[in-house]
2 protein chains.
Amino acid sequence: MELRQLKYFVRAAERLNFTKAADDLCITQSTLSHQIKELENTLNVLLFDRIGKRVKLTEAGEIMLPYARKTIHQAEEGQQFLQDLNELKAGKLIIGATYGLTELLIQALAPFNQAYPNVQIQIVFGSTADMLLKIKQYEIDCMLSFLPSSYNDSDLDIVKLFDSTLSLIVHESHPWSQQKQVTLQKVAELPLVLPSPSYSIRNFLDDVLAKNNISLNVTMEINDIHSLLKLTNTRQWNTILMNSSLFDFAELKAIPLEGSQMQREATITFPADVYRKKAVVAFTKLLTNHF
Amino acid sequence: MELRQLKYFVRAAERLNFTKAADDLCITQSTLSHQIKELENTLNVLLFDRIGKRVKLTEAGEIMLPYARKTIHQAEEGQQFLQDLNELKAGKLIIGATYGLTELLIQALAPFNQAYPNVQIQIVFGSTADMLLKIKQYEIDCMLSFLPSSYNDSDLDIVKLFDSTLSLIVHESHPWSQQKQVTLQKVAELPLVLPSPSYSIRNFLDDVLAKNNISLNVTMEINDIHSLLKLTNTRQWNTILMNSSLFDFAELKAIPLEGSQMQREATITFPADVYRKKAVVAFTKLLTNHF
DNA sequence: ATGATTAATCGAAATTATCGATTGATATGA
DNA sequence: TCATATCAATCGATAATTTCGATTAATCAT
């Protein structure tokens, strides 16, 4: 059993297609087949069911997969530690983020990159659920999301960044733009463009609406936050977002919605009990110092 | 970086003497030196200080050592789990069954659990059609049902367990309780409580009745086999079931119905052409040995 | 039927690990 | 101080392993 074989196995298990997995790994399908077989021999157990031209994990394969992942990760963690020791002259930081925190992320990246120009950054956007999966599979180093800091999972370490309030976003020329608060009832009068139901903020909003038995005047749905703000900037529509999603549109105003259940926590989440890269610590410090 | 190299490293770090470590590992000192150097190259850091003929861990080596140990351990832990699985010290068995075979299933489960106490068992009751779907989607490992062993489906592997005969179930105090057979005509005279039409045995029975143009005196329908037997045990009603459904009611007698089309095969069915878990094989052996 | 897709297999080539012998450095002890 | 023993590094040769490319056989979709 070698790390190489475990890496091949994990990729094959993820793809459930030897040819494509081999492609990913930059080896031939023949090599992959051979090495998987070799691994199966040393483990004395079949890892894949070969059903015709299909492959599928056996029970043993399902069991071995998380061990393989953990083994590989463990080795890489040690390597990462050594690299960090080399004074952040190298390294890689993989950040997951939900779309609602795009603006926060982008604001944080600029100073981080200035401070550590040699740290390679990789951003992965996705849903909170996607991210949680990736965190557990060690695919990302940390994630920015609206996860309650009370969310209970011993595999996770969740740090609160700030509270964010569900807000009506209007152009500064809008008659309400100077108001300190606004009720949902009033918002129902306005023409709105909202984020698609695939966004967690939309689910949050829909929950609130259902609880208060209010329905809105939704003229458009769109699955990109930046486009949403651009449309609001045309003065033709208004939208609803967490106020933290609004950053560098100088002409837009966020008016918090009145009510107690309108707040969510923006948090940064890490896999618990594993060594935290220097780059991750630096990035986190940058974020928390900001608030 | 390979597990082999990590193992060499750990031994060398423990011995702080390459020659002796190499001896322990059954390789030559030359090989050990070479592989350590290779590891140092991929990690881009020196793991040992070579002071004259002495070797001693560097700071990096000290850091890497626990990671190397953990990595190796992680891999071996997975291997151990698979080994256990192979000896049925672990594992999971998902069995589908139709309600009519509840008693058979329960009788088989006790000795199985005694033999393999660490195998987790999950039972899924449902109709034969449900089960067939689940089998094809690999959601269950096997199913117990009254499926004809001649049922033709290349995706399935069907093994006959025994023949079961449609029977009148009466209390031992019933005047007919010593009879060897009884005709459907006679049964029509008795007050009956029958399984609901959602059960396959009921469909089977209804088919037989239609073919013979007989109708019964049904006072109650109930969708639970055990309750059916309890009601029969009160002497107030009688019922009709496959004789194999009757197990541990000592005071009840099953009188086979006369006729050639009264038999059905109890079978165990597997998805064909896929790896069969050790637990499945053991469970099947236990069942077939019983008959 | 037919063509496309996929995993297994086989022999050859490339790469890598291992060995044995040697070297050079350095402790140790007379 | 000098000989000797010990130890890791190095080198060239060999053995083992990995990888590749081509082919086969099975099966899936049309």
Side-chain angles (χ1 to χ4, degrees), chain A residues 1-43 45-58 60-61 68 72 75, chain B residues 1-43 45-58 60-61 64-65 68 72 75 136-138 152-157 271-275:
Chain A
M1 178 167 35
E2 292 297 340
L3 285 176
R4 177 173 30 79
Q5 294 170 330
L6 293 178
K7 285 175 190 164
Y8 291 178
F9 164 60
V10 169
R11 195 86 201 118
E14 283 168 354
R15 287 293 214 144
L16 292 178
N17 178 320
F18 281 19
T19 307
K20 285 175 185 161
D23 244 31
D24 292 351
L25 294 163
C26 297
I27 55 174
T28 61
Q29 169 267 320
S30 143
T31 300
L32 181 61
S33 276
H34 195 212
Q35 288 297 304
I36 294 283
K37 195 171 190 182
E38 201 56 36
L39 181 60
E40 288 177 326
N41 281 343
T42 59
L43 294 176
V45 76
L46 283 180
L47 296 169
F48 292 95
D49 270 330
R50 280 78 162 176
I51 315 164
K53 69 180 192 180
R54 289 244 174 92
V55 287
K56 157 178 177 299
L57 281 173
T58 61
I72 296 163
Chain B
M1 176 165 36
E2 292 297 340
L3 284 175
R4 176 173 29 79
Q5 294 170 331
L6 293 177
K7 286 174 188 164
Y8 291 178
F9 165 59
V10 169
R11 196 86 201 115
E14 282 166 355
R15 288 294 214 146
L16 292 179
N17 179 319
F18 282 19
T19 307
K20 285 175 186 164
D23 244 29
D24 292 350
L25 293 163
C26 298
I27 55 174
T28 61
Q29 168 267 319
S30 143
T31 300
L32 181 62
S33 275
H34 197 221
Q35 288 297 303
I36 294 285
K37 193 170 192 181
E38 201 56 37
L39 181 60
E40 288 177 327
N41 281 342
T42 58
L43 295 177
V45 76
L46 283 181
L47 296 168
F48 293 96
D49 273 331
R50 280 80 162 174
I51 318 161
K53 69 177 192 178
R54 287 255 169 90
V55 284
K56 151 177 181 300
L57 280 173
T58 60
M64 194 60 198
L65 182 56
I72 295 162
K136 298 207 178 187
Q137 295 174 357
Y138 309 107
N152 205 7
D153 189 329
S154 64
D155 291 350
L156 301 178
D157 185 357
D273 302 326
V274 304
Y275 166 71

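The structure presented is a predicted model; accordingly, all values stated were derived computationally and were not measured. Naming: A, B, ... by sequence-line order, numbering from 1 per chain.
- Following rounding to the nearest Å, B/Ile51 (CD1) and D/dT6 (C1') show an atom-to-atom distance of 16 Å.
- B/Glu2 contributes no side-chain N or O that, together with a main-chain N or O of A/Glu2, makes up a donor-acceptor pair within less than 3.5 Å.
- Taking the nucleotide of DNA chain D with the nearest heavy atom to each of A/Gln29 and A/Tyr8, the more 5' of the two is matched to A/Tyr8.
- One interatomic measurement links the two molecules: NE2 of B/His34 to C1' of D/dG12, which rounds to 12 Å at whole-angstrom precision.
- Using a 4.0 Å cut-off between a side-chain N of Lys or Arg and a carboxylate O of Asp or Glu, B/Glu14 and B/Lys7 do not qualify as a salt bridge.
- Regarding contacts with the backbone of C/dA27, every side-chain N or O of B/Arg54 stays at 4.0 angstrom or more from both OP1 and OP2.
- Note on the helix from C/dA1-D/dT30 to C/dA30-D/dT1: angle between the axes of the first and last five pairs equals 30°, rounded to 10 degrees.
- The shortest non-hydrogen separation linking B/Ala68 to B/Phe9 is CB-CD2, 3.9 Å.
- Rounded to a whole Å, the CG atom of A/Asp49 is 16 Å from the C1' atom of C/dT6.
- Between A/Thr31 and D/dC20 there is a side-chain polar atom (N or O) within less than 4.0 angstrom of OP1 or OP2.
- Contact annotation: A/Gln35 reaches the phosphate of D/dT18 (side-chain N/O to OP1 or OP2, under 4.0 Å).
- Near DNA chain D, meaning a heavy atom under 4.0 Å from it, residues 36-43 of chain B has B/Lys37 in order of number.
- Considering only side-chain N and O atoms, B/Ser30 lies nowhere under 4.0 angstrom from the phosphate OP1 or OP2 of C/dG20.
- For the atom pair OG1 (A/Thr31) and CZ (A/Phe18), the distance works out to 12.5 Å, reported to the nearest 0.5 Å.
- Judged purely by atom type and a 3.5 angstrom limit, B/Gln35 has no side-chain atom pairing as donor or acceptor with the backbone of B/Leu32.
- For the contact set between residues 15-25 of chain B and DNA chain D, defined by any heavy atom under 4.0 Å, the members are B/Asn17, B/Phe18, B/Thr19.
- Residue B/Lys56 holds its NZ atom at 9.5 Å from CG of B/Leu16, rounded to the nearest 0.5 Å.
- Across the protein-nucleic acid pair, B/Arg4 atom CZ and C/dA17 atom C1' stand 7 Å apart, rounded to whole Å.
- We find the CG-CZ distance between B/Asp23 and B/Arg15 to be 8.0 Å, quoted to the nearest 0.5 Å.
- Put simply, CD on B/Gln5 and CG on B/Leu3 are 9.5 Å apart, with the number rounded to the nearest 0.5 Å.
- With rounding to the nearest 0.5 angstrom, the CG atom of B/Leu25 is 11.5 Å from the CZ atom of B/Arg4.
- No contact: B/Phe48 has no heavy atom under 4.0 Å from any strand.
- Between the side chain of B/Thr58 and the backbone N or O of B/Leu47, at least one donor-acceptor pair lies under 3.5 Å.
- When distances run from any side-chain atom of A/Ser33 to the nucleotides C/dA8, C/dC19, D/dA9, the shortest one goes to C/dA8.
- Distance NZ (B/Lys56) to P (D/dA8): 15 Å, rounded to an integer number of Å.
- Regarding A/Met1, its CE atom lies at a distance of 16 Å from the P atom of D/dT17, rounded to whole Å.
- Whole-Å rounding puts the A/Leu32 CG to D/dC20 P distance at 11 Å.
- Residue A/Ala21 comes nearest to A/Ala12 through the heavy atom pair CB-CA, 3.7 Å, listed as atom of the first residue, atom of the second, then distance.
- How far OG of A/Ser33 is from CZ of A/Arg50: 7.0 Å, rounded to the nearest 0.5 Å.
- Between the CD atom of B/Glu2 and the P atom of C/dT16 there is a distance of 11 Å, given to the nearest Å.
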